[in-house]
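All chains are named by letter (A, B, ...) in the order of the sequence lines, taking the proteins before the strands, and each is independently numbered beginning at 1.
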There are 2 protein chains.
Amino acid sequence: MKNIPIASVERVAKYIRCLKHLQSKGEEIVSSKKLAEHTQVTPEQVRKDLSYFGKFGKTGTGYNIKKVVKRLSNILKGRKNWNVCIIGAGALGTALSRYQGFRDAGYNIVALFDKDPEKIGKKIGSAEVYDIKKFSDITKKKDIKLAIIAVPAESIEEVEEYIAKSQIKGVLNFVPVTLNFNTKRKIAIIEVDLAQKLYILSYLTKK
Amino acid sequence: MKNIPIASVERVAKYIRCLKHLQSKGEEIVSSKKLAEHTQVTPEQVRKDLSYFGKFGKTGTGYNIKKVVKRLSNILKGRKNWNVCIIGAGALGTALSRYQGFRDAGYNIVALFDKDPEKIGKKIGSAEVYDIKKFSDITKKKDIKLAIIAVPAESIEEVEEYIAKSQIKGVLNFVPVTLNFNTKRKIAIIEVDLAQKLYILSYLTKK
DNA sequence: GGCTGTGAAGGAATTCACAGCC
DNA sequence: GGCTGTGAATTCCTTCACAGCC
């Protein structure tokens with residue numbers, strides 16, 4: 001397979017979101033032009049992005065929304081839904097565990113972890129808060145491969161160790177610290193730095 | 001000024017974060033090599049990114065952390081702190097209003113907005129929840145130019161209208177819908193699609 | 001006519017390599 | 001020796017333009 005630009009992958013995720021939305025409105029067919037309008041890119045970009053992953057459309061007609069959604073989400077997510085955990089049962093972790101968008105996309109929050117005895121054992125939405133010490137055990141038992149980190153910055157090193165010793169394969173990190181797992185197995189990392197977004201936003205408003 | 005790649009701006013925000021961290025550890029001078037290690041980029045990239053905004057270092061010596069942080073944050077944020085509001089006082093909006101990282105970076109959450117009478121009038125952290133109907137008035141009175149949107153997807157169109165009619169200049173959008181303000185004045189938009197991040201994460205784990 | 005898929009062209013961002021400085 | 005700043009080279013991504021299809 002050719003090297004697919006990460007930017008293309010990101011846009012494809014956006015297309016899925018948009019196509020699902022159109023689907024919920026009863027639409028069945030969409031053209032690259034229309035999809036482009038809804039996602040703020042150019043039609044050529046849409047076609048090029050999709051072409052990295054195969055042929056999705058009918059010449060002269062457009063794309064069958066249902067089929068494309070299915071194939072694209074198979075590519076990004078695979079056929080099965082994922083079990084996901086959240087580390088840190090504070091305000092942010094709690095809010096994220098209730099976030100409906102994860103479920104809708106096929107990612108189920110099935111556990112939270114914290115070290116505060118006050119929080120351990122509580123139920124948040126449908127998930128329970130577990131002792132972080134049991135991280136490796138419980139993620140194994142529950143078949144969790146993805147983790148969302150939402151702890152205070154001071155605790156990040158501890159968390160890094162727990163993850164390094166576990167079977168976690170991918171991490172979504174809300175803590176404004178660049179992670180550095182020193183493991184042989186590759187752990188995918190995506191950083192979401194919320195303050196950074198505001199820096200960029202204020203910079204953009206001045207242009 | 002030359003056209004500065006948005007990716008460079010994003011990395012610069014990351015450098016600020018990292019430099020502040022090093023500063024808090026008592027460091028005073030840093031080389032591009034060291035800064036690069038801490039932020040997972042190459043030293044050349046660090047130097048090139050900084051060079052878009054001016055000359056920051058001393059040849060043969062490195063960068064004076066304090067000075068660089070000050071100049072960079074002036075460039076991205078300006079000299080004054082920003083007042084920011086959050087639209088949507090649900091779980092996510094509430095969590096974001098308590099997020100310490102915003103304050104540390106110089107962005108103060110000074111108001112929330114909601115349409116639920118149950119929520120209006122409550123205090124969350126240091127900010128009050130106001131009726132969304134008063135959006136334009138209160139943002140003007142409190143000198144708010146940036147808004148964070150964290151409402152359910154159904155309410156997004158309503159919110160778009162309120163923003164369009166206000167003086168808001170930049171929007172950080174957590175709602176998985178592509179925004180489309182039909183205003184003449186330019187409103188900067190940054191989208192944070194959390195489900196999209198998980199799509200990409202699961203895709204990356206398969207590579 | 002309207003549409004997709006794609007090689008080729010063009011443009012943009014990153015990396016290289018080195019001049020100049022401490 | 002170690003470091004920054006930067007034009008030049010390279011790599012990567014996007015846009016163009018058109019063949020082929022409905």
Side-chain angles (χ1 to χ4, degrees), chain A residues 1-16 18-19 22 27-72 75 200 203-204 207, chain B residues 1-16 18-19 22 27-72 75 200 203-204 207:
Chain A
M1 209 200 295
K2 267 173 298 186
N3 222 25
I4 300 171
I6 183 70
S8 288
V9 180
E10 286 176 9
R11 281 190 300 266
V12 164
K14 204 174 176 186
Y15 302 152
I16 294 177
C18 180
L19 290 169
L22 292 172
E27 312 246 346
E28 288 178 8
I29 302 288
V30 75
S31 67
S32 61
K33 196 180 161 208
K34 202 167 179 189
L35 180 53
E37 276 168 23
H38 279 90
T39 49
Q40 309 266 45
V41 300
T42 64
E44 303 82 42
Q45 184 81 79
V46 170
R47 298 202 297 275
K48 182 61 102 181
D49 286 338
L50 294 179
S51 79
Y52 286 119
F53 297 100
K55 300 189 183 188
F56 290 84
K58 262 210 178 68
T59 0
T61 314
Y63 300 92
N64 176 306
I65 295 180
K66 199 177 162 191
K67 278 189 189 168
V68 173
V69 167
K70 200 170 185 182
R71 276 182 61 197
L72 287 182
I75 289 166
I200 299 161
Y203 174 76
L204 291 175
K207 298 227 304 182
Chain B
M1 207 201 297
K2 268 175 298 187
N3 221 26
I4 300 172
I6 182 71
S8 288
V9 180
E10 286 176 8
R11 281 190 300 265
V12 164
K14 206 174 175 184
Y15 302 151
I16 294 178
C18 180
L19 290 169
L22 292 172
E27 312 246 346
E28 287 176 10
I29 302 288
V30 74
S31 67
S32 61
K33 196 182 162 208
K34 201 166 181 192
L35 181 52
E37 275 168 23
H38 279 89
T39 49
Q40 308 264 45
V41 301
T42 64
E44 303 82 39
Q45 185 81 79
V46 170
R47 299 202 298 275
K48 181 63 100 180
D49 286 338
L50 294 179
S51 79
Y52 286 119
F53 298 99
K55 299 189 182 190
F56 290 84
K58 260 210 181 70
T59 0
T61 315
Y63 301 92
N64 176 306
I65 295 180
K66 199 177 163 190
K67 278 189 191 168
V68 173
V69 166
K70 200 170 186 181
R71 276 183 62 198
L72 287 183
I75 289 165
I200 298 161
Y203 174 76
L204 291 175
K207 297 225 305 180

Study note, to complete from the structure: Looking only at heavy atoms, the pair that brings B/F53 and B/R71 closest together is O-NH2, 4.2 Å
**Study point:** Between P of D/dT14 and CD1 of A/I4, the distance in whole Å
**Key:** 13 Å
Point to revise | Residue pair A/P43 / A/A36: nearest heavy atoms and the distance that separates them | key: N-CB, 3.5 Å
Check your understanding: How many Å lie between CG on B/D49 and P on C/dT14, as a whole number?
Key -> 7 Å
Check your understanding: Quick one: is B/Y52 getting a side-chain N or O under 4.0 Å of the C/dA12 phosphate, OP1 or OP2?
Key -> no
Exercise for review: Could you list by number each residue of residues 29-47 of chain A showing a heavy-atom separation from DNA chain C of less than 4.0 Å, or answer none if no residue does?
Suggested key: A/S31, A/S32, A/R47
**Study point:** Partner residues of B/K14 under the side-chain hydrogen bond (donor to acceptor under 3.5 Å, both in side chains) criterion, sequence neighbours left out
**Key:** none
Practice item. May I have the step-by-step check of side-chain contact (heavy atoms from CB on, under 4.5 Å) for B/Y15 and B/V41, ending in yes or no? Key: CA-CA 10 Å; B/Y15 302 151; B/V41 301; 3.8 Å; yes
Practice item. Compare every heavy atom of A/K34 with every heavy atom of A/V30, then report the nearest pair and how far apart it is. Key: CG2-CB, 3.8 Å
Review point. Are any non-hydrogen side-chain atoms of B/Y63 and B/L50 less than 4.5 angstrom apart?
Key: yes
Revision key, fill the gap. Taken to the nearest whole Å, CD1/A/I6 to C1'/C/dA12 is 18 Å
Point to revise | Beyond-backbone contact of B/I6 with A/L204, side-chain heavy atoms, under 4.5 angstrom | key: yes
Check your understanding: NZ of B/K48 versus P of C/dC18: gap in Å, rounded?
Key -> 15 Å
Exercise for review: Could you state the atom-to-atom distance from NZ of A/K55 to P of C/dG5 in whole Å?
Suggested key: 7 Å
Review point. Separation of B/L50 atom CG from D/dC3 atom P, in whole Å?
Key: 16 Å
Exercise for review: Ignoring the backbone of A/R11, work out which of D/dT14, C/dC3, C/dG20 is nearest its side chain.
Suggested key: D/dT14
Point to revise | Value in whole Å for how far the P atom of C/dG2 lies from OH of A/Y63 | key: 17 Å
Revision key, fill the gap. Here DNA chain D, pairs taken as Watson-Crick or G-U under 3.5 Å and shown with ( ), [ ] when crossing and | when to another strand, reads ||||||||||||||||||||||
Practice item. Check whether any side-chain heavy atom of A/K67 sits under 4.5 Å from a side-chain heavy atom of A/K70, and report yes or no. Key: no
Revision key, fill the gap. Nearest heavy-atom contact between B/L19 and B/I65 is O-CG2, 3.6 Å
